[in-house]
Visitor: 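Before we start, here is the structure in question, set down as structure tokens.
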Amino acid sequence: MVLDILNLAADNLLSPIILCFVLGLAAALARSDLSVPEAAAKALSIYLLFAIGFKGGASVAAHGLDARLLASVGVGLVLSFGLPFVAFALLRVMTGLSRIDAAAVAAHYGSISIVTFVAATSVLEGRAISSEGYMVAVAAAMEAPAILSGLWLASRGGTGHSEPGLMREILLNGSIVLLLGSFAIGAITGAEGLERISSFIVSPFQGVLCLFLLDMGLVAGRGLREQRGVLGLGAVGFGVLMPLIGATAGLGMGLLVGLSTGGVALMMVLAASASYIAVPAAMRVALPEANPSVYLTLSLGVTFPFNLTLGIPIYVAVAQTVTGGS
Amino acid sequence: MVLDILNLAADNLLSPIILCFVLGLAAALARSDLSVPEAAAKALSIYLLFAIGFKGGASVAAHGLDARLLASVGVGLVLSFGLPFVAFALLRVMTGLSRIDAAAVAAHYGSISIVTFVAATSVLEGRAISSEGYMVAVAAAMEAPAILSGLWLASRGGTGHSEPGLMREILLNGSIVLLLGSFAIGAITGAEGLERISSFIVSPFQGVLCLFLLDMGLVAGRGLREQRGVLGLGAVGFGVLMPLIGATAGLGMGLLVGLSTGGVALMMVLAASASYIAVPAAMRVALPEANPSVYLTLSLGVTFPFNLTLGIPIYVAVAQTVTGGS
Amino acid sequence: MVLDILNLAADNLLSPIILCFVLGLAAALARSDLSVPEAAAKALSIYLLFAIGFKGGASVAAHGLDARLLASVGVGLVLSFGLPFVAFALLRVMTGLSRIDAAAVAAHYGSISIVTFVAATSVLEGRAISSEGYMVAVAAAMEAPAILSGLWLASRGGTGHSEPGLMREILLNGSIVLLLGSFAIGAITGAEGLERISSFIVSPFQGVLCLFLLDMGLVAGRGLREQRGVLGLGAVGFGVLMPLIGATAGLGMGLLVGLSTGGVALMMVLAASASYIAVPAAMRVALPEANPSVYLTLSLGVTFPFNLTLGIPIYVAVAQTVTGGS
Amino acid sequence: MQTHTAKRVEIVIEAPLERRLTDALVKAGVTGYTVLPVLGGSGRSGQWTREGQVGRSGMVAVICLIRPDRLDGLLEAAFGVVERHIGVVSITDCEVLRAERF
Amino acid sequence: MQTHTAKRVEIVIEAPLERRLTDALVKAGVTGYTVLPVLGGSGRSGQWTREGQVGRSGMVAVICLIRPDRLDGLLEAAFGVVERHIGVVSITDCEVLRAERF
Amino acid sequence: MQTHTAKRVEIVIEAPLERRLTDALVKAGVTGYTVLPVLGGSGRSGQWTREGQVGRSGMVAVICLIRPDRLDGLLEAAFGVVERHIGVVSITDCEVLRAERF
Ligand SMILES: Nc1ncnc2c1ncn2[C@@H]1O[C@H](COP(=O)(O)O)[C@@H](O)[C@H]1O
Ligand SMILES: Nc1ncnc2c1ncn2[C@@H]1O[C@H](COP(=O)(O)O)[C@@H](O)[C@H]1O
Ligand SMILES: Nc1ncnc2c1ncn2[C@@H]1O[C@H](COP(=O)(O)O)[C@@H](O)[C@H]1O
Ligand code: NA
Ligand code: NA
Ligand code: NA
């Protein structure tokens with residue numbers, strides 16, 4: 001299996017997607033003025049969410065509504081609620097972060113990174129490993145619960161006063177709505193709908209992902225450059241250890257529900273990844289005392305690159321070995 | 001025919017395009033923060049205008065210059081000039097709008113909505129009904145004249161002082177220039193030109209349209225939410241009745257000119273649709289006393305969704321029945 | 001050969017790409033409000049740089065690393081360093097520009113215009129003339145050196161004090177980094193990588209180029225309208241003569257290195273084209289006394305359209321005749 | 001031309017708080033405001049730039065013209081939102097046309 | 001550092017009117033101005049936001065620094081355009097460097 | 001509400017100079033600044049607009065709130081960068097909340 005992982009990792013590292021991320025990272029660290037306009041970055045992310053949601057829905061329409069869908073969403077919710085507690089405990093042991101900062105970071109690790117998910121699906125596709133279409137719905141379900149756990153952890157210290165309207169804002173967050181909405185549209189219009197727009201959402205997908213990851217690299221690199229020194233060694237260690245713990249939990253849950261090889265791998269990826277869009281915005285509103293540099297740098301500068309380069313190949317190889325999948 | 005319409009309407013309502021519009025509408029009404037950046041929305045509309053214009057021109061190049069082109073443009077002009085008078089009279093009867101507001105709204109209904117036109121062409125394509133390529137030129141011709149009628153209606157009340165440079169601005173409006181310009185380019189470069197760029201303007205077209213309509217839904221929903229109460233029942237009634245009247249006029253004109261089934265349907269759609277880009281901008285300059293909430297909410301919040309969901313299927317079915325087209 | 005050139009020029013002038021440029025130019029000169037949002041324009045240019053770089057790299061991977069690559073980059077550097085001196089001498093003779101202004105303009109003509117390069121590659125493709133993939137790397141190498149020559153020419157007059165950090169900024173300029181970075185990615189991932197993203201960077205390429213040139217036309221037209229009178233006849237003459245001189249130098253160098261017909265044509269195009277992105281930004285920092293209207297109007301309003309319409313066909317025809325290429 | 005004394009309040013605040021701030025302003029009797037985009041900036045919490053940001057990140061500048069006697073109410077309201085967050089508030093004396101609007 | 005008294009005029013106006021306003025300013029002898037984008041706002045005619053707007057909609061903020069003695073001419077010119085439209089005008093005292101420019 | 005006297009400095013400058021300007025400000029002891037995008041403008045060097053510009057062109061507006069006693073240092077620093085370039089600087093009296101930040 002180690003050989004497998006190494007092979008897969010090498011393969012992965014030399015894919016255009018990862019290389020684009022590396023290019024962005026390097027350009028930002030070298031202080032190049034290369035940058036993707038904010039509006040373009042947002043348009044790319046709308047495209048990715050729409051495409052991945054739609055394809056997930058169309059795949060559910062094609063394969064029929066699996067009884068496992070509900071169970072998968074259920075374990076996704078459990079993971080999202082539960083992982084922040086693990087993360088919080090780890091952070092208190094491994095780092096000197098304050099309760100508030102630790103709670104904020106913990107919320108990020110219970111939630112998910114949709115780009116990591118997308119990158120993983122494209123690795124699976126590259127290796128012709130199929131997965132359950134409804135994993136997209138699981139991803140959407142996992143975005144928000146962790147925020148509640150994080151706020152609860154923080155409020156035990158007495159700070160997190162409840163923000164009116166926050167829950168609504170979190171649940172109606174643009175990425176959740178778009179993901180679930182396009183999933184529903186894909187499920188309703190099915191194969192026919194997919195065929196009508198596949199030359200928009202299927203064929204150019206990998207290329208768009210390249211540009212998106214170029215930008216993610218730029219953003220991550222800029223963050224690392226400007227926030228160097230914000231993270232101690234303990235925090236960086238957490239940023240690598242926590243995804244492995246999350247992935248292990250995801251593996252267990254995936255097996256419990258009886259997902260396919262690809263499904264197990266994706267559940268591991270979801271559990272292992274950390275949010276850098278929905279949760280940071282919620283934290284700024286509800287937990288303004290937490291230092292954004294800490295959670296953004298950890299999530300985007302440490303865990304995201306780790307998952308993208310080494311994490312995904314590891315999770316896929318483990319999922320293959322454990323499920324005996326091809 | 002009623003069955004036909006119902007079938008077509010159901011088909012239409014369950015297409016990805018309409019569902020995307022509905023998703024946007026619902027998200028905005030639910031106060032989700034989902035939004036498409038202004039620059040991206042503008043880029044999408046440039047793409048749509050360019051693609052639709054180019055394809056129209058290329059189709060004219062392929063089928064030869066029909067003697068009916070001039071006649072069609074002519075009746076388009078007549079409709080655009082004339083419909084505001086009908087709309088104005090109706091508004092004065094059905095609503096309590098002031099002369100100025102009624103004139104401004106009337107101008108919108110004489111002009112056209114290019115997205116409605118685009119959605120109709122994609123419904124026609126989906127049912128393999130061909131139409132005259134030059135209907136794009138008719139659409140461009142119909143954008144501006146209604147503005148003059150609207151201003152004339154308003155000035156009878158003594159307000160509309162003539163704005164220097166306005167005519168030039170209206171005629172050189174970006175969407176008219178782009179539509180006619182790309183139509184010309186399509187006509188000049190013909191099948192060969194189309195082939196060179198068809199994987200840009202043909203294959204991904206439906207998908208881009210989906211995202212565009214998602215955004216249209218968001219904008220319409222935001223307008224409806226913020227402007228609720230601006231429109232009385234009479235005004236809403238007008239927003240549904242007027243397109244039907246316009247479509248009837250379009251039907252007559254289309255038959256008069258001897259258009260094909262698809263052409264008649266598109267002429268109906270053009271006459272039935274109301275502007276929400278070119279005319280509002282012109283009204284802000286020339287008729288600032290008119291309340292923008294009224295005409296934007298009517299055009300974008302009532303008539304646009306009506307045409308998109310029910311109107312187009314009705315017009316297509318009627319065109320098929322009347323022309324005996326397949 | 002004259003007939004050949006005329007044929008090619010006519011062909012070129014009637015391609016969608018050029019017509020889009022003309023449409024933009026005409027719209028801007030007529031004061032239409034048609035415009036492409038800044039963010040969309042920047043996104044398009046990122047796409048073009050990424051696509052052209054990647055394809056260049058993939059082509060190098062496919063054809064093997066030619067010994068001529070280094071030589072080509074070498075002569076590119078020589079051209080970029082050297083041409084500003086020729087341009088400077090010409091400007092002092094043909095125009096009344098001050099030393100500073102002349103030096104700034106000269107720097108532009110030693111550097112390159114990547115869009116002109118892209119347009120030329122698409123003309124070559126249209127005529128099935130192949131070229132060396134690494135010409136992209138030559139293009140990247142030629143961006144910066146001319147800036148140094150320009151600054152040196154200016155400083156002989158005593159003005160150009162050295163700006164700290166300027167060299168780094170020039171070399172890490174976004175377009176250089178993206179071009180070389182995607183070239184490297186293309187070279188590393190090769191045919192396999194290209195296949196994965198070809199429906200993003202290959203098939204829609206021509207169409208995207210159309211929209212980009214529409215915008216270039218708008219920008220050039222706006223510049224010409226607002227800056228009319230900035231350029232005397234002598235300067236306009238220079239804007240047409242200098243590309244021909246540059247192309248001749250490029251021809252010589254291309255033959256010296258032994259490039260293919262397409263390679264020679266591209267070397268001519270690079271030498272003939274003038275920068276309007278990297279160099280203007282550098283000049284604003286290092287040579288603020290130079291008048292930006294002069295160099296932008298010359299480069300974007302005179303030389304760019306000349307190369308696009310007449311220059312490229314001339315260079316291709318000459319390259320074919322001289323190399324005996326098909 | 002006839003002008004009237006007023007105050008111009010400029011609040012730079014995190015984008016996710018925008019709606020909360022404007023709601024608070026409206027509650028405090030403010031009759032209008034204008035929101036400007038912000039590209040980047042620097043302060044005690046470090047430097048940031050909007051480039052490539054995804055999500056509702058970054059900051060916005062909210063500008064509010066008001067009658068001087070309403071200033072205190074506005075500042076209370078604004079401070080309630082800004083207090084725990086990243087941002088700055090500045091107030092300038094100004095003149096406005098059409099005083100009946102403020 | 002040597003500074004000079006000037007006025008800073010800020011005009012928030014509908015985007016379709018931008019060209020008319022700046023033309024009027026130039027006619028009134030204004031030597032320069034700066035146009036800032038506006039994301040959204042609220043006033044007597046309701047709330048609006050730029051997100052997803054298509055067409056030349058929305059508003060812009062035009063900022064103009066001028067010598068105090070030119071203020072009245074500028075305000076007349078600006079008011080001629082703004083009067084019938086949606087928008088606000090505010091004037092602040094300020095200092096500028098390089099007075100010869102204004 | 002307790003406010004404190006401060007100065008608001010607004011510098012409109014070419015985008016390629018932004019980093020140099022903010023570096024100079026930070027060196028001059030400025031504790032914060034905000035960068036706003038600029039859509040277009042007009043001045044002695046003519047009219048320009050951001051539409052369709054590619055590359056780091058155009059201008060930005062940098063706004064800086066500081067304690068009055070730091071003004072001179074800031075102006076010296078800013079002027080060093082702006083002097084040879086296209087751009088304008090204006091200074092307004094203002095009040096700020098939370099003086100300890102400036
Ligand atoms: N002195 C200042 N002048 C202008 N803007 C400032 C100043 N201090 C902070 N800001 C703005 O407010 C944001 C947050 O500041 P802070 O809360 O100090 O991190 C910064 O990113 C700037 O955009
Ligand atoms: N008191 C105010 N302070 C700042 N901006 C305002 C104010 N009132 C109106 N505005 C701006 O001017 C626009 C039009 O205002 P109104 O004409 O009152 O609808 C609003 O959308 C705001 O952007
Ligand atoms: N009087 C002014 N008021 C406001 N902004 C100005 C003024 N003069 C110049 N500017 C701005 O500064 C830029 C450069 O001015 P200049 O150096 O005079 O060409 C212009 O494009 C405007 O954005
Ligand atoms: Na997770
Ligand atoms: Na109509
Ligand atoms: Na050159």
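Naming convention: chains lettered A, B, ... in sequence-line order (proteins, then strands); numbering from 1 in each chain. Fair warning: this is a prediction, and the values are worked out from it, not measured in the lab.
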Visitor: Shorter than 4.5 Å, heavy atoms on both sides: which option in F:Val82, F:Leu36, F:Asp93, F:Leu71 has the most such pairs with chain E?
Guide: F:Val82
Visitor: Under the rule for side chain to side chain contact (heavy atoms under 4.5 Å, CB included), what residues qualify as partners of E:Thr5, not counting sequence neighbours?
Guide: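 For E:Thr5 the side chain to side chain contact (heavy atoms under 4.5 Å, CB included) partners, ignoring immediate neighbours, are E:Pro68, E:Glu95.
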Visitor: Which answer fits E:Val30, side chain, backbone, both or neither, if we ask what part of it has an atom under 4.5 Å from a heavy atom of chain F?
Guide: neither
Visitor: Only one of E:Leu65, E:Thr3, E:Leu97 passes side chain to side chain contact (heavy atoms under 4.5 Å, CB included) with F:Ser90; say which it is.
Guide: E:Leu65
Visitor: Side chain from CB out, backbone as N, CA, C, O: work out which of these in F:Val89 comes under 4.5 Å of a heavy atom of chain E, or both, or neither.
Guide: both
Visitor: With a 4.5 Å cut-off on heavy-atom pairs, point out which of F:Lys7, F:Glu10, F:Arg8 contacts chain E the most.
Guide: F:Glu10
Visitor: So, taking the atom named CD in E:Gln2 and the one named CG in F:Leu75, what distance separates them when rounded to the nearest 0.5 Å?
Guide: 11.5 Å
Visitor: Checking heavy atoms, do the side chain of E:Leu25, its backbone, both or neither come under 4.5 Å from chain F?
Guide: neither
Visitor: Give a yes or no answer on whether the side chain of E:Arg98 reaches the backbone of F:Glu83 with a donor-acceptor pair at less than 3.5 Å.
Guide: yes
Visitor: Top residue by heavy-atom pair count (under 4.5 Å) with chain F, among E:Thr34, E:Val26, E:Thr22, E:Val35?
Guide: E:Val35
Visitor: Using a 4.5 angstrom heavy-atom cutoff, name the option from E:Pro37, E:Ala61, E:Ala6, E:Gly32 with the most pairs to chain F.
Guide: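 Most pairs with chain F among the choices: E:Pro37.
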